[in-house]
Amino acid sequence: MVEELFGTTPVTSKAGPVNPKDAFKGAKLICIYFSMHNCPPCRQFTPVFAELYKEINESEKVIEVIFLSGDKTQEEYDEYYGEMPWLALPKGDARLPPIAKKFEVRGVPRLIILKPDGSVVEQNGVQKILMEGPGAIEEYLSK
C-alpha cells in the first residue's frame, strides 16, 4: 500500500529523507494530512493533532502522519512544516496530485486515516479528532 501511494522516492522526515516503506513501518494507522499555512481551520487543527501525535506515539509508534501541502510558496511550506512532528512530501512533489485525486480531496484540512493494508478507516478525521482526541484514535484502531 505504501509503495502504491508514495513509491520508493524518499519522503521528508525531521531527520532527513527516508524511504516511504521504512517511514511507515510498524505504524498501526497511516494518516494522510492535506493542509496549508494560509487556512485558519488548518492552523487551528495542526497544533492539536501534533500534540495528539506525540502523546499517542510516546511509548511506541501507533500512528504515522504524512503532510501533503497546498502551500503556495516554499517559505510558507517551510514555516508550516516546521510546526509538525511527522513526515511530509516535499513542496510541489509530483505524488501529491494523484493521491489527492485518489481520495477525492477538494478542500483542507483533510485527514485520511488508513490501515497499513491501505483500507480506509476514515475519509476525514479532523472533526472527530478535535472533539474526541485520543479516543478517536482508539476507535480507529479498533476498526
Side-chain angles (χ1 to χ4, degrees), residues 1-3 5-7 9-100 102-143:
M1 185 291 302
V2 169
E3 282 189 18
L5 283 175
F6 300 104
T9 303
V11 297
T12 303
S13 77
K14 293 301 180 176
V18 62
N19 179 295
K21 193 172 181 180
D22 296 334
F24 293 104
K25 188 175 187 174
K28 295 177 178 125
L29 293 173
I30 295 171
C31 304
I32 304 174
Y33 182 41
F34 292 87
S35 187
M36 61 191 287
H37 184 269
N38 287 333
C39 160
C42 299
R43 302 285 298 170
Q44 177 187 10
F45 178 68
T46 298
V48 171
F49 191 41
E51 281 306 308
L52 177 64
Y53 173 87
K54 291 175 194 169
E55 179 184 326
I56 290 286
N57 288 331
E58 201 167 43
S59 59
E60 68 172 315
K61 186 196 286 192
V62 175
I63 65 171
E64 189 53 82
V65 179
I66 187 162
F67 167 54
L68 279 65
S69 173
D71 291 314
K72 303 281 186 248
T73 68
Q74 187 67 47
E75 293 75 25
E76 287 175 341
Y77 170 90
D78 291 343
E79 181 183 330
Y80 193 34
Y81 181 53
E83 301 169 13
M84 300 174 189
W86 44 67
L87 306 168
L89 286 184
K91 164 96 178 76
D93 193 284
R95 292 170 284 188
L96 191 151
I99 295 170
K102 176 180 177 68
F103 294 106
E104 300 177 357
V105 175
R106 306 255 187 276
V108 292
R110 177 85 182 271
L111 182 66
I112 296 152
I113 301 171
L114 309 169
K115 290 199 177 246
D117 67 5
S119 58
V120 177
V121 175
E122 179 72 66
Q123 282 287 346
N124 192 356
V126 172
Q127 287 304 319
K128 188 170 189 72
I129 286 173
L130 280 174
M131 307 231 339
E132 299 177 24
I137 300 298
E138 294 303 319
E139 185 178 321
Y140 296 143
L141 286 167
S142 70
K143 289 187 176 183

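These numbers come from the heavy atoms of this one structure, side chains and all, not from hydrogens, waters or symmetry mates.
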Set of residues satisfying salt bridge (Lys or Arg N to Asp or Glu O under 4.0 Å) with respect to K28, sequence neighbours excluded: E60

Checking side chain to side chain contact (heavy atoms under 4.5 Å, CB included) for the pair L114/L29: CA distance, chi angles, key distance, verdict? CA-CA 6 Å; L114 309 169; L29 293 173; over 6 Å; no

Atom pair OG1 (T12) and CD1 (I66), whose distance is rounded to the nearest 0.5 Å: 8.0 Å

Of all heavy-atom pairs linking P20 and G7, the shortest is CG-O, 3.5 Å

Supply the atom-to-atom distance L96 CG to L68 CG, rounded to the nearest 0.5 angstrom. 4.5 Å

Between D71 (side chain) and H37 (backbone), is there a donor-acceptor pair under 3.5 Å? yes

Report the residues that fulfil side-chain contact (heavy atoms from CB on, under 4.5 Å) with S119, sequence neighbours left out, ordered by chain and then residue number. K115, D117

Considering all heavy atoms of both residues, which atom of W86 and which atom of K14 are nearest to each other, and what is their separation? O-CE, 4.1 Å

K54: what forms a salt bridge (Lys or Arg N to Asp or Glu O under 4.0 Å) with it, not counting sequence neighbours? E51

Residues which pass salt bridge (Lys or Arg N to Asp or Glu O under 4.0 Å) with K25, listed by chain and number, not counting sequence neighbours: none

Could you walk me through whether L141 and V62 satisfy the side chain to side chain contact (heavy atoms under 4.5 Å, CB included) test, starting with their C-alpha distance in whole Å, then the side-chain angles of each, then the deciding distance to 0.1 Å, before giving a yes or no? CA-CA 9 Å; L141 286 167; V62 175; 3.7 Å; yes

Pair I113, I30 - check side chain to side chain contact (heavy atoms under 4.5 Å, CB included), show working. CA-CA 6 Å; I113 301 171; I30 295 171; over 6 Å; no

I need the T73 OG1 to E79 CD distance, nearest 0.5 Å. 9.0 Å

Here's a test for you: under side-chain contact (heavy atoms from CB on, under 4.5 Å), which of I137, L111, I112 qualifies with C31? L111

Contacts of P97 that satisfy side-chain contact (heavy atoms from CB on, under 4.5 Å) - sequence neighbours left out: none

So which heavy atom on M1 is nearest to which on G118, and how close? CG-CA, 2.9 Å

Residues at least two apart in sequence or cross-chain that pass salt bridge (Lys or Arg N to Asp or Glu O under 4.0 Å) with D93, listed by chain then number, are R95

With the side chain counted from C-beta on, respond yes when C42 and Y33 share a heavy-atom pair under 4.5 Å apart, and no when they do not. yes

Across all chains, not counting sequence neighbours, the side-chain contact (heavy atoms from CB on, under 4.5 Å) partners of A136 are K128, I129, E132, Y140

Among all residues two or more places apart in sequence or in another chain, which pass the ring-ring contact (aromatic ring centres under 6.0 Å, His included) test with F24? F6

Tell me every residue that passes side-chain contact (heavy atoms from CB on, under 4.5 Å) with N38, counting only those two or more places apart in sequence or in another chain. E76

dist Q127:CD -> F45:CZ (nearest 0.5 Å) comes out at 9.0 Å

For a side chain to side chain contact (heavy atoms under 4.5 Å, CB included) check, start with the C-alpha distance between L52 and I63, then their side-chain angles and the critical distance, and finish with the verdict. CA-CA 10 Å; L52 177 64; I63 65 171; 5.7 Å; no

Just wondering, do M84 and Y53 contact through their side chains at under 4.5 Å, heavy atoms? no

ring-ring contact (aromatic ring centres under 6.0 Å, His included) against F67, all qualifying residues, sequence neighbours excluded: Y77, Y80

Minimum heavy-atom distance V105-R110, with the two atoms named: CA-NH1, 3.3 Å

How many angstroms lie between atom OG of S35 and atom OH of Y81, to the nearest 0.5 angstrom? 13.0 Å

Over 12 foreign heavy atoms within 6.0 Å of NZ, K72: no

Got a sec, which pairs hit salt bridge (charged side-chain N to carboxylate O under 4.0 Å, His left out) with one end in residues 30-49, sequence neighbours left out? R43-E83

Looking at every heavy atom in both N124 and P109, which two are closest together, and how far apart are they? ND2-O, 3.6 Å

Has N19 got a side-chain atom pairing as donor or acceptor with P10's backbone, closer than 3.5 angstrom? no

Among all residues two or more places apart in sequence or in another chain, which pass the ring-ring contact (aromatic ring centres under 6.0 Å, His included) test with F103? none

